[in-house]
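One structure below.
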Amino acid sequence: MGSMRSYDHQAIEKKWRQVWEDQKIDEVDLAKVANGFYCLDMFPYPSGEGLHVGHWRGYILSDYFARYYRLQGKTVLHPMGFDSFGLPAENAAIKKKAHPKKFTDEAIPVFIDQLKATGAMYDWSKTISTADPSYYRWTQWLFLQFFKHGLAEKRHSWVNWCPKDKTVLANEQVINGCCERCGSKVTKKKLAQWYLKITDFATELLDGLETLDWPENVKSLQKNWIGRSEGANVVFHSDQISLKVFTTRVDTLFGVTALVLAPEHPDLTTVTTAEYKNSVLSYVEKSKEKSELDRQRGADLAKTGVFTGSYALHPLTSKQIPIWVADYVLPDYGSGVVMLVPAHDQRDYDFARSHSLPVVPVIEPEFIETSELGKVREKLPFTERNGIVAIVKHWTEDKYLGLKWKNVPWGTWITGGIETGQSAEAAARTEILEEVGYKNLRLVKKVGTLISKFYHPPKQQNRLLHGQVLYFELENDERIPISKLEAAIHEPIWLSPDEILPFLTASAHRWAWQELQDQPALYEGHGTLINSGMYDGLTTVEAAKKIAADLERRGSGGPIVNYRLRDWLVSRQRYWGAPIPIVYDPDGTAHAVRDEHLPILLPTDAEFMPGGESPIKLSKEFQQRAEKLYGKGWHFETDTLDTFVDSSWYYLRFLTPNNNDQAFDPALVAKWLPVDLYIGGIEHAILHLLYSRFVYRFLIKYGYLNNDNPEPFQQLFNIGMITLHGAKMSKSKGNIVSPNELVEHYGTDALRGYELFLGPMENSLDWNPRGINGVHRFLIRVFQLSQEIDDKPDPSQEALFDGYLDRIDAMMKDFRLNTIISEAMILVNSLSKEPVSKEVFSRFIVTLSPAFPFLAEELWSILGNKESIFKSKWPKFFGATPTTKKIKILLDQRFIGEIDRSGEMSEEEIIKLVQTSPELSQKIDGKTILRSIYKPGELLNLITRGSHNR
RNA sequence: GCCUGGGUGGUGGAAUGGUAUACACGAUCGGCUUAAAACCGAUUGUCGCAAGGCAUGCGGGUUCGACUCCCGCCCCAGGCACCA
């Protein structure tokens with residue numbers, strides 16, 4: 001035995017860190033490359049807090065793939081920069097009374113050191129910082145391009161206002177009515193704000209999602225956020241104005257019993273009559289005081305509102321429709337007006353009931369059976385029948401007669417068909433007599449009609465039943481005996497009102513009961529139109545189409561698609577951001593700042609104490625600068641840009657971080673975009689990604705870029721969050737797990753490997769350092785393996801390696817790095833028994849290098865290689881002839897052993913082998929093989945039991 | 001309420017429809033050691049001495065065979081939500 005060296009991770013990591021830095025191994029020349037791979041991390045905000053083990057996981061994942069693709073022969077761009085504008089630095093500055101630039105400048109080098117500690121391969125020659133004038137000059141330029149094309153607009157509008165942070169918040173920064181950052185209750189304020197018109201891109205942003213290789217949940221989040229809904233506009237004319245209303249249920253148009261405006265609606269004062277002015281005004285005042293939180297929680301609260309005194313003309317019936325105001329109507333969705341259809345919308349129903357407005361049903365409900373037994377069979381036609389549903393009340397008590405079915409889990413009312421020529425009442429009386437035997441009853445009410453679609457198992461028919469719901473009260477308990485036949489099907493049960501809804505299994509029957517109670521009951525589903533003039537008898541779907549088309553013909557509306565997405569509010573009344581590059585003339589008209597004046601630098605003499613307006617407003621220098629450049633009476637916009645604007649295009653800047661002539665180089669962008677792999681947390685699933693997609697599409701649409709693919713990030717991977725005892729790690733909570741101690745004790749490689757090994761990369765999980773020793777032990781074993789190398793080739797080791805390589809290649813595509821590490825452990829476990837072939841080991845450590853770059857590089861050099869392992873190539877298969885494959889033998893699905901397969905074998909040959917094999921034959925001894933299932937080359941299942949009934 | 005994901009040992013988690021619980025942690029026992037740590041070895045789903053049962057949230061179904069596919073529920077996490 002020679003002298004064994006031991007695995008000294010500290011020495012190894014220190015050594016190679018230095019070598020790589022000296023050799024600038026991570027720098028790439030973008031222009032030269034044809035075969036590029038753009039691997040991007042969501043760039044961080046450079047806080048002074050430092051990286052914790054949760055941050056590491058994302059950076060290690062991207063580093064893994066950066067190195068992997070590099071070994072695959074690609075030129076990998078893997079840059080890193082800093083999203084350095086924003087509230088945290090400004091808040092720190094306020095607290096510590098120092099300039100935010102100072103904080104940022106100090107934090108970045110510290111941050112870079114911590115990123116380097118992960119061992120990740122970044123090209124630091126291409127770093128950027130969004131707070132740097134050389135960057136934000138181009139952010140301002142970008143804003144001006146939107147302005148030039150009419151896609152940046154200043155509007156007076158009600159905005160979310162955080163009273164504590166004293167700033168405007170975008171809708172998406174309001175969480176449950178509270179400020180995303182500080183948690184204060186958000187209030188409303190009317191301000192002039194800059195918007196970017198992202199809504200113009202709503203359709204394509206939605207459609208574009210289909211083409212992306214993104215996690216389904218992120219696509220679904222974006223879809224929900226964009227919130228496409230198809231419907232129609234309907235125009236109602238009043239004496240004073242016309243009101244446009246958006247609805248998704250234009251089929252219910254004949255059920256409109258009022259129009260309801262949002263309190264913020266601009267035409268509210270116009271429609272309010274003198275008589276109602278006071279009550280409307282005081283109502284509006286009251287709802288303004290309601291916090292955003294209360295307003296949003298309002299779904300559970302009573303729906304308040306008042307009448308405005310005026311009426312509008314129904315476009316189809318010409319009826320006078322009263323106009324109300326209520327704060328359950330949102331000002332910025334649709335047109336801020338709702339047509340009230342109480343019979344077919346829960347909210348409208350609530351509102352109508354609490355203000356005694358009429359409820360006019362215009363849909364005959366249609367119920368489609370969903371149970372397995374009664375589910376409509378797709379291929380069969382419908383047979384139409386008339387029928388009845390009878391609700392029968394007890395002669396003295398408040399109880400109702402239900403049928404409990406014996407062979408199926410059903411609870412229903414009494415039902416039956418109507419024979420031709422028979423009246424509904426007569427049919428019902430017959431059914432009641434037959435099914436429960438009661439003789440003396442009184443028809444109290446015809447409750448309503450419905451349609452029911454179901455499958456009738458005995459008749460094997462799809463049925464379309466026109467049902468009439470009848471309500472009877474028994475006069476006394478006189479009854480005849482029920483036939484045995486009927487008694488076998490179901491038994492009658494008396495139900496108290498509380499028991500009825502849980503008892504009934506069919507939605508049609510539940511509706512019948514509610515209709516009897518409420519007269520009319522709410523029905524939000526589909527069906528056939530009634531009370532709708534010429535549209536009666538159409539299905540809701542047909543009617544919606546026809547009514548929308550008719551409205552369009554008459555010029556009072558028509559089909560339209562509406563989006564939940566709102567325009568992007570980019571103004572912030574804050575210091576630490578890029579100044580919006582707009583200058584106002586003495587009349588207050590907005591002009592683009594001239595290109596040669598960019599960047600509009602942040603003034604340095606501002607007091608950045610938040611006071612409800614941008615602190616920049618107080619800068620004397622800033623005022624003077626505008627006048628100097630543009631003339632007396634001119635002044636700059638003093639709001640700054642939302643930091644999401646900074647980050648909406650940074651991935652373009654990485655290609656040419658130091659170019660002072662243009663924001664980006666279209667030729668390079670054409671070569672490198674879209675980003676091949678984008679890695680970051682789920683927290684940016686909506687805003688950052690949506691804004692970036694919007695900006696990128698804008699740049700292409702208006703000719704700034706000429707890429708064919710209009711999406712910037714082709715593949716996205718969301719790294720799961722690491723929590724500590726279930727809580728998100730943050731310095732303020734004091735629950736940060738720092739990697740430093742673990743790195744010192746086990747090494748960077750061990751921590752990297754452990755973070756990958758923990759579980760699927762997309763899973764969030766709770767931090768538990770316990771297992772890191774397992775990875776450390778594995779690395780020690782790998783190191784020890786290098787001490788016992790055999791120069792001779794070893795075919796069985798080569799075969800083991802080939803299997804391993806095949807499996808990890810497949811896992812790579814699905815980001816299953818945890819099982820890749822497992823596979824490596826399994827391979828090492830089986831190689832450890834004897835000296836390992838040099839060639840096998842050599843190829844093996846290349847596969848380890850993306851996860852364990854330091855150890856891999858060390859072992860690579862121990863093997864005698866002069867160049868870095870990262871200049872080598874991902875290994876190939878040995879292609880050794882596979883060892884004889886085994887065929888699994890199962891007996892009644894239980895594993896009893898394997899047989900070696902040589903060449904192609906038939907089922908019979910294998911069975912013969914089983915029967916002649918010493919161990920296997922005794923296991924099937926005395927059993928009769930009824931039949932067998934053979935999956936060629938894999939398994940043979942011998943069956944002794946009869947299969948269950950088919 | 002709507003939309004996504006999930007539910008497998010004591011724990012993190014494996015499993016193209018084919019021996020469920022790989023890999024690792026922890027635990028127990030043993031070795032080494034004056035001792036401890038480290039390291040090495042064995043055992044480790046559950047009931048059972050064993051043979052053999054029973055186990056992948058619950059109930060059905062398809063299949064020779066289901067963690068995996070289908071239907072119906074329950075529970076957990078995340079998102080959206082008075083969006084007309």
Side-chain angles (χ1 to χ4, degrees), chain A residues 175-176 215-225 227-229 231 234 245-250 252 260 262 295-301 303 326-330 332-341 344-348 350-351 370-372 375 409 524 562-566 682-683 685-686 721 726 753-754 757-760 762-775 777-778 780 810 816 818-829 888-898 930-935 938-948 950:
Chain A
I175 310 294
N176 281 330
E216 273 314 308
N217 63 328
V218 176
K219 287 196 204 179
S220 142
L221 289 177
Q222 295 227 342
K223 247 179 242 171
N224 288 347
W225 191 260
R228 178 190 164 94
S229 60
V234 185
V245 181
F246 175 73
T247 175
T248 52
R249 290 298 299 270
V250 72
T252 63
V260 190
R295 183 99 175 248
Q296 281 182 10
R297 249 203 328 235
D300 334 309
L301 302 174
K303 297 207 169 10
D327 63 9
Y328 81 90
V329 179
L330 303 178
D332 44 9
Y333 183 74
S335 56
V337 192
V338 164
M339 61 182 219
L340 189 87
V341 186
H344 304 294
D345 181 280
Q346 179 72 56
R347 296 151 302 174
D348 295 349
D350 296 345
F351 186 75
T370 53
S371 72
E372 191 66 24
K375 203 166 61 183
E524 292 185 291
N562 214 341
Y563 293 92
R564 202 190 75 104
L565 183 69
R566 314 287 155 85
I682 188 81
E683 66 272 18
I686 301 176
M721 195 173 52
Y754 182 52
F757 182 62
L758 276 170
E762 66 273 22
N763 284 13
S764 286
L765 48 93
D766 212 56
W767 179 252
N768 183 345
R770 233 170 28 185
I772 189 171
N773 203 26
V775 178
R777 277 202 275 254
F778 163 71
I780 290 170
R816 292 170 42 220
N818 55 329
T819 54
I820 288 179
I821 305 285
S822 300
E823 288 290 344
M825 288 172 169
I826 294 169
L827 185 66
V828 166
N829 289 348
K888 298 171 192 169
I889 308 299
L890 308 179
L891 180 65
D892 289 327
Q893 200 52 29
R894 188 154 2 103
F895 179 80
I896 55 169
E898 287 176 319
L930 294 176
R931 59 200 183 104
S932 58
I933 308 287
Y934 179 54
K935 193 173 177 193
E938 280 201 44
L939 68 96
L940 178 74
N941 190 11
L942 302 170
I943 294 147
T944 64
R945 291 184 294 233
S947 66
H948 56 262
R950 266 259 53 202

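The sequence lines fix the lettering, A, B, ..., with proteins before strands; numbering per chain opens at 1.
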First locate atom CG of A/Leu758, then atom CG of A/Asn818, and finally report the distance between them rounded to the nearest 0.5 Å. 9.0 Å
Separation between the C1' atoms of B/G78 and B/G30, rounded to whole Å: 48 Å
Rounded to whole angstrom, note down the P distance from B/A42 over to B/C25. 14 Å
Judged by whether its glycosidic angle lies within 90° of 0, B/G13 is anti
How far, in whole Å, is B/G12 from B/G26 if one measures between their P atoms? 15 Å
No-H, no-angle donor-acceptor pair, A/Lys303 side chain to B/C82 base, under 3.5 Å: yes
To the nearest 0.5 Å, atom CZ of A/Arg564 lies from atom CG of A/Asn224 at 7.5 Å
Which of parallel (below 30°), tilted (30 to 60°) and perpendicular (above 60°) describes A/Phe246 and A/Tyr333? perpendicular
So, A/Tyr328 and B/C82: ring centres less than 5.5 Å apart, planes less than 30° off, yes or no? no
Please report the distance separating the P of B/G7 from the corresponding atom of B/A15, rounded so that it comes out in whole Å. 12 Å
Rounded C1' spacing from B/U8 to B/A66 in Å: 14 Å
Distance, P atom - from B/U56 to B/G9, rounded to whole angstrom: 9 Å
Rounding to the closest angstrom, what is the interatomic distance between B/G59 and B/U11 at atom C1'? 30 Å
Report yes if a side-chain nitrogen or oxygen of A/Asn763 is closer than 4.0 Å to either non-bridging phosphate oxygen (OP1 or OP2) of B/G5; otherwise report no. no
What integer number of Å spans the C1' atoms of B/C70 and B/C54? 26 Å
